[in-house]
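The structure appears right after this line, and notes come after that.
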Amino acid sequence: MIALPKAELHVHLEGTLEPEDTVRFAARNGVQLPWPGPEELRAAYSFTGLENFLSVYFQGCRVLCTREDFRELTVAYLERAANQGVRRAEMLFGPQAFLDHDIPIDDQLGGIVDGIDEAREAWGIDGALLVSAPRHRAEADALELLEVVRPWRDRVLGVGLGGAESGNPPAKFARYFDAARAEGYRTTCHAGEEGPAACVAQALDVCRVERIDHGYAAAEDPGLVARLADERVTLTMCPLSNLRLHVTDDLTTYPLKRLMDAGVPVTVNSDDPAYFGGYVNENYAAVTDALGLAEAEVRTLARNSFSGSFAHPEELRGVFEELSGNERP
Ligand code: ADE
Ligand code: ZN
C-alpha cells in the first residue's frame with residue numbers, strides 16, 4: 001500500500017494543517033487560539049457533523065497569514081504524500097476565507113505554487129491546484145473568486161465547490177461552473193456528502209462538472225449508479241472523513257466496493273487528513289480492512305485515481321504500466 005503509486009484527488013490544503021503547526025503558526029503570527037496547545041486542539045477534533053467541523057477548520061485557517069506559511073503548509077503535505085506513494089496530488093484551496101482577513105491572493109497562491117515547485121524538485125511529486133468556493137456564500141462571491149484568481153490562471157488547474165451542503169445545492173452555482181468552464185478550468189463539486197443522491201445528479205446535469213467529491217449518497221440510487229458507471233464519472237470518496245463526520249457510522253457497510261463492483265470509477269482520498277486521523281494510505285488501509293478488498297481491487301482504486309485525475313494522459317503512461325505490473329526493473 002505504501003509503495004503503490006497513487007494520485008490523491010480530494011484533499012483540502014487547509015485540512016492538512018497539523019495541530020503542532022497550527023500552534024506554531026499562531027505563535028509566530030500573533031494569532032490567539034481558543035486552545036493552549038496541540039493536545040487540546042486534537043481533543044477538540046470530535047465533530048458532530050460537517051458544519052461543526054467547518055467551524056473548527058475555519059478557526060484553524062486564521063493562523064495562516066504569510067506567503068511563507070502557505071509555502072510551508074504545501075511542502076509539508078506534499079512531502080507526507082510523496083512518502084505514501086502519491087505521485088500526483090490535486091489540492092483544493094479556498095482563497096476567500098483568507099481574503100476576508102486581508103491576506104493578499106498573491107501571498108496565498110504565491111506560497112502554494114512555490115511549495116508545489118519545491119516539492120516537485122525534492123520528491124518528484126506532481127502537485128496541482130484547484131481553487132474552491134464555499135457554497136454557503138452567494139454565487140456572486142464564487143464568480144468574484146474567478147476574477148481574483150485570474151492573474152494566476154496558468155497555475156490554477158481547476159475549480160471546485162465545498163462547504164455546508166445542506167440548503168446549498170449545486171444548482172445555486174450553475175453560472176460559476178459555466179464561467180469556469182468558459183475559462184478552461186477543470187471542474188469538480190462536493191455532492192452527496194450530507195446531501196442526497198439528487199444533489200449528485202444535479203451537479204452533473206446542471207453544473208456539468210467532470211468529477212464528484214464524495215458522492216457517498218449516490219449508492220442509494222441504482223439508476224444514478226448505472227449512469228456514473230456508464231459515463232465514467234469519478235467519485236473522490238473519503239472514508240475516514242465520512243466516519244468522523246458521521247456520514248457513515250460503520251465502514252463495513254461503506255458503499256465503495258458496491259460502487260466499484262457496479263463499474264463506477266471510485267477513488268480513495270483523505271479530504272482533511274490532519275482533522276480526520278489519516279492521510280491517503282490510512283484511508284486505503286481502513287477500507288481494505290473493513291471491506292476485505294483484494295490486492296487487485298486496491299490496484300483498481302489506484303488506477304482509478306490516475307484515470308480520474310486532471311493530468312494529461314501522456315504524463316500517466318508510465319504509471320499505468322507500473323500498476324499493471326509491466327514496470328521495468
Ligand atoms: N471543506 C473542507 N472539508 C470539507 C468537506 N468534507 N466537505 C465540504 N467542504 C469541505
Ligand atoms: Zn472535501
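Residue indices begin at 1 and follow the sequence shown. Atom set for the values below is all heavy atoms of this structure, side chains included, hydrogens, waters and symmetry mates excluded. Ligands are counted one by one from 1 in listed order, and the atoms in each one are counted from 1 as well.
- A donor-acceptor pair under 3.5 Å links the side-chain atoms of S305 to the main chain of A7, judged by distance alone.
- Residues Q84 and E282 bring a donor and an acceptor atom of their side chains to less than 3.5 Å of each other.
- Contacts between E165 and ligand 1 below 4.0 angstrom, taking non-hydrogen atoms only, are absent altogether.
- V56 and L92 are not part of a single hydrophobic cluster, where members link through side-chain heavy atoms under 4.5 Å apart.
- Counting atoms of ligand 1 from 1 in the listed order, those under 4.0 Å from a heavy atom of D272 are 2 (C), 3 (N), 4 (C), 6 (N).
- Using a cutoff of 4.0 Å between basic side-chain nitrogens and carboxylate oxygens, R175 and D178 are not scored as salt-bridged.
- For ligand 1, the atoms closer than 4.0 angstrom to any heavy atom of Y57 are 2 (C).
- Follow the hydrophobic side-chain contacts under 4.5 Å out from L161 and you reach L50 in the same cluster.
- Considering H12, E8, H10 as possible partners of S270, the one that fulfils the side-chain hydrogen bond (donor to acceptor under 3.5 Å, both in side chains) test is E8.
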*Derivation of the side-chain hydrogen bond (donor to acceptor under 3.5 Å, both in side chains) call for T188 and D213*: CA-CA 7 Å; T188 183; D213 292 323; 2.9 Å; yes

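- Among protein heavy atoms, the minimum distance from atom 1 (N) of ligand 1 is reached at H12 CE1, 3.4 Å.
- With hydrogens left out, the protein atom closest to atom 6 (N) of ligand 1 is D271 OD2, 2.6 Å, a heavy atom.
- Neither side chain, T236 nor N269, offers a donor N or O lying under 3.5 Å from an acceptor on the other.
- Atoms of ligand 1 found under 4.0 Å from any heavy atom of H214 (numbered from 1 in listed order, with element): 6 (N).
- Cluster membership check: L9 does not share its hydrophobic cluster with V319, using side-chain heavy-atom separations under 4.5 Å among Ile, Leu, Val, Met, Phe, Trp and Tyr.
- Under a 4.0 Å heavy-atom criterion, G15 is not in contact with ligand 1.
- Listed by atom number, the atoms of ligand 1 under 4.0 Å from G162 heavy atoms are 9 (N).
- Nearest-heavy-atom check against atom 8 (C) of ligand 1 across G160, G163, S241 picks out G163.
- By the criterion of a heavy-atom distance under 4.0 Å, the side chain of L50, and not its backbone, is placed next to ligand 1.
- With ring centers used as reference points, F98 lies under 6.0 Å from F93.
- Taking 4.0 Å as the cut-off between side-chain N and carboxylate O, E144 and R137 do not count as a salt-bridged pair.
- Counting only heavy atoms of the protein, atom 7 (N) of ligand 1 lies nearest to E193 OE1, 2.7 Å.
- Listed by chain and number, the protein N, O or S atoms at a distance under 2.8 Å from the Zn ion (ligand 2) are H10 NE2, H12 NE2, H190 NE2, D271 OD1.
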